[in-house]
A.B. asks: 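Attaching a single structure in structure tokens format; questions to follow.
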Amino acid sequence: MRRRSPVSPGMARLLRAAMWAFIGYTLIHHGFVRPAGFLGDDYVKHWWAARALLEGRSPYVGEHLEFYFNYPQALAWLYVWLGWFPIATAEKLWEWSHLALLAGAWWIGWRGLRPREAGPGPARAALAAHWGLAVGFSLALFGPAVENIRIGNVDPLNAILAVALAAALLGGRERLAGGCWAGLVLVKLLPAVLLAPLVMWRRWRALAVGATLLGGYALVLAATGRLGWEWEFIARRAPELPYYWRGISISPGRGLILLAGLEEWHEDPLRYRQVTSAVGLVVGVVYVAGLGWMRRRGWPLRRALEPALIGVALFSPLLQAHHFVYALPALWLQMARWAEGRMSGGFAVALTLPWLAMGVNSTMLDLAVPSGMWLRFVPPLAALVLLGVIGAELVVEGRRAQPAAEG
């Protein structure tokens with residue numbers, strides 16, 4: 001049965017017109033008006049990596065790769081077509097492709113993560129009835145996703161893969177979910193931590209498909225003589241990056257060093273790596289323990305995906321605001337849960353505030369303040385607040401359910 005919307009048809013048309021006007025402006029501005037050359041190293045290193053592959057060289061070494069290509073080779077091969085064009089022409093194609101990826105993330109979120117029913121009250125019914133609009137506007141406001149277009153980062157690809165992973169898992173399409181998980185790992189190694197919820201909630205088909213794809217990738221590298229290049233990245237290049245780019249990082253480890261006033265540790269490569277590694281280990285223990293607690297308490301994977309996806313970026317020893325793009329499906333899962341009436345108004349407000357802080361504290365604001373300013377650390381702090389509120393909500397719901405079960 002079609003839901004009756006409490007929003008008037010005129011207002012609905014106005015909202016749709018506003019969304020399509022924003023989409024049109026974005027396409028025209030980024031695709032045609034803005035000249036090439038505005039993007040930074042994040043795009044340029046992908047273009048040089050593509051050129052290196054076309055010339056038969058490793059993407060991790062070379063005269064022009066001081067930009068530190070810091071991704072698995074799979075990503076360089078995915079974008080090898082950039083090297084077929086001049087750097088300025090390829091930049092526009094890069095932008096257009098990433099706008100398309102964000103549009104795809106919106107479509108999957110609209111169709112695959114929509115509320116299953118409308119909860120009580122006109123506001124919940126309005127959100128359920130106009131889910132596509134809500135997903136579109138929330139995506140436009142979510143800085144970690146849209147700011148990647150400006151800085152030329154590859155995270156729009158992670159956005160669509162993360163949303164597709166969540167939608168596939170919740171839709172019972174485990175094999176597709178396994179492919180999405182493998183794709184996330186082959187773009188950046190960080191989402192390998194999502195192994196934890198997949199194992200705990202026994203999504204064996206997803207794990208089997210993901211492991212097969214990753215294993216097949218390794219075999220292809222070995223057969224083509226490129227496995228040594230990948231090892232060069234994993235063993236030597238990747239460990240250097242957190243310290244090399246520490247000035248732009250907002251990782252919990254760097255935040256701890258600055259908070260403690262240990263400036264000498266900030267400039268000492270060994271100490272810096274020790275602290276960031278230790279903090280990463282603590283984050284990992286808390287991450288696994290929290291998900292394990294949810295599993296023991298019987299919470300479904302749908303609820304576990306919220307903290308699991310929000311927590312992914314916190315593992316990164318080289319963290320920037322746009323890395324929280326992995327949390328995008330968690331935002332939509334919480335919006336859908338509220339629309340279904342499975343979240344109280346108080347917790348909805350408590351979750352909305354840190355989401356807004358994470359969303360509007362975009363890379364532009366990140367670059368507009370000095371490196372030591374705590375304003376830059378708002379996104380990871382917002383993520384920690386989100387995880388804290390989610391934990392409190394789970395405890396409250398668990399206590400309410402226990403008397404009901406006993407009765």
Side-chain angles (χ1 to χ4, degrees), residues 40-46 48-49 52 57-73 75-76 144 151-155 158 185-193 227-287 311-324 326 363 366-381 383-384:
D41 295 350
D42 282 345
Y43 157 73
V44 174
K45 62 187 174 186
H46 290 279
W48 281 116
R57 296 184 288 107
S58 168
Y60 302 113
V61 295
E63 179 183 357
H64 298 288
L65 290 177
E66 67 275 11
F67 300 110
Y68 278 76
F69 182 74
N70 51 322
Y71 303 90
Q73 286 176 75
L75 188 63
I151 64 175
N153 193 271
V154 75
D155 272 327
N158 287 319
V185 175
L186 291 176
V187 175
K188 293 183 180 179
L189 298 177
L190 194 61
V193 302
L227 191 59
W229 295 357
E230 197 85 354
W231 182 250
E232 164 76 9
F233 161 64
I234 294 173
R236 191 183 72 82
R237 186 63 61 90
E240 293 177 351
L241 292 172
Y243 179 77
Y244 186 88
W245 292 108
R246 66 193 182 282
I248 62 172
S249 179
I250 54 173
S251 70
R254 180 173 180 245
L256 180 62
I257 291 174
L258 294 177
L259 183 64
L262 300 174
E263 295 296 334
E264 64 278 10
W265 287 25
H266 190 267
E267 303 305 320
D268 185 319
L270 179 60
R271 292 287 191 184
Y272 188 89
R273 290 169 185 159
Q274 288 175 338
V275 172
T276 53
S277 298
V279 171
L281 179 61
V282 172
V283 170
V285 170
V286 174
Y287 185 86
V312 168
L314 294 174
F315 280 86
S316 178
L318 173 55
L319 180 61
Q320 292 181 269
H322 57 83
H323 293 160
F324 284 97
Y326 298 109
T363 306
D366 178 52
L367 297 176
V369 296
S371 61
M373 293 286 289
W374 287 106
L375 191 60
R376 300 184 65 216
F377 287 83
V378 166
L381 292 173
L384 292 174

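The structure displayed is predicted, hence computed values, not measured ones.
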A.B. asks: Could you report the tightest heavy-atom contact between L319 and P380, atom names first, then the distance?
C.D. replies: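 L319 and P380 have their closest heavy atoms at CD2-CB, 4.2 Å.
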A.B. asks: With sequence neighbours excluded, tell me which residues meet side-chain contact (heavy atoms from CB on, under 4.5 Å) with L190.
C.D. replies: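 Per chain and number, L190 pairs via side-chain contact (heavy atoms from CB on, under 4.5 Å) with V312, F315, S316, Y326.
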A.B. asks: Salt bridge (Lys or Arg N to Asp or Glu O under 4.0 Å) with E267: which residues, sequence neighbours excluded?
C.D. replies: R246
A.B. asks: Begin with the C-alpha distance, continue with both residues' side-chain angles, and end with the deciding distance and a verdict on side chain to side chain contact (heavy atoms under 4.5 Å, CB included) for E263 and L258.
C.D. replies: CA-CA 7 Å; E263 295 296 334; L258 294 177; 4.1 Å; yes
A.B. asks: According to side-chain contact (heavy atoms from CB on, under 4.5 Å), who are the partners of L227, at least two apart in sequence or on a separate chain?
C.D. replies: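 Partners of L227 by the side-chain contact (heavy atoms from CB on, under 4.5 Å) criterion, ordered by chain and then number, come out as L221, A222.
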A.B. asks: Donor-acceptor pair, distance only, cut-off 3.5 Å: does the side chain of Y60 make one with the backbone of Y71?
C.D. replies: yes
A.B. asks: With A383, which residues qualify under side-chain contact (heavy atoms from CB on, under 4.5 Å), at least two apart?
C.D. replies: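 Partners of A383 under the side-chain contact (heavy atoms from CB on, under 4.5 Å) test: I310, L314, F324, M358.
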A.B. asks: Does Q73 reach the main-chain N or O of P59 with its side chain, forming a donor-acceptor pair under 3.5 Å?
C.D. replies: no
A.B. asks: Quick one: list whatever passes side chain to side chain donor-acceptor pair (under 3.5 Å) with N153, sequence neighbours left out.
C.D. replies: D42
A.B. asks: At their closest point, which heavy atom of L318 faces which heavy atom of H323, and how far apart are they?
C.D. replies: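 Closest pair (atom of L318, atom of H323, distance): O-CE1, 3.1 Å.
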A.B. asks: Show the nearest heavy-atom pair for residues F377 and S249, with the distance to one decimal.
C.D. replies: CZ-O, 4.0 Å
A.B. asks: Could you pull out all donor-acceptor pairs under 3.5 Å where a side-chain atom in residues 268-287 meets a protein atom, sequence neighbours excluded?
C.D. replies:
{"from": "D268", "atom 1": "OD1", "to": "L270", "atom 2": "N", "distance (Å)": "2.9"}
{"from": "D268", "atom 1": "OD1", "to": "R271", "atom 2": "N", "distance (Å)": "3.2"}
{"from": "T276", "atom 1": "OG1", "to": "Y272", "atom 2": "O", "distance (Å)": "3.0"}
{"from": "T276", "atom 1": "OG1", "to": "R273", "atom 2": "O", "distance (Å)": "3.1"}
{"from": "S277", "atom 1": "OG", "to": "R273", "atom 2": "O", "distance (Å)": "2.7"}
{"from": "Y287", "atom 1": "OH", "to": "A308", "atom 2": "O", "distance (Å)": "2.9"}

A.B. asks: Return the minimal non-hydrogen interatomic distance between R376 and I250, and the atom names on each side.
C.D. replies: O-CG2, 3.2 Å
A.B. asks: Check K45 against F69 and note the closest heavy-atom contact, atom names and distance.
C.D. replies: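 Shortest heavy-atom separation between K45 and F69 comes out as O-CD1, 3.9 Å.
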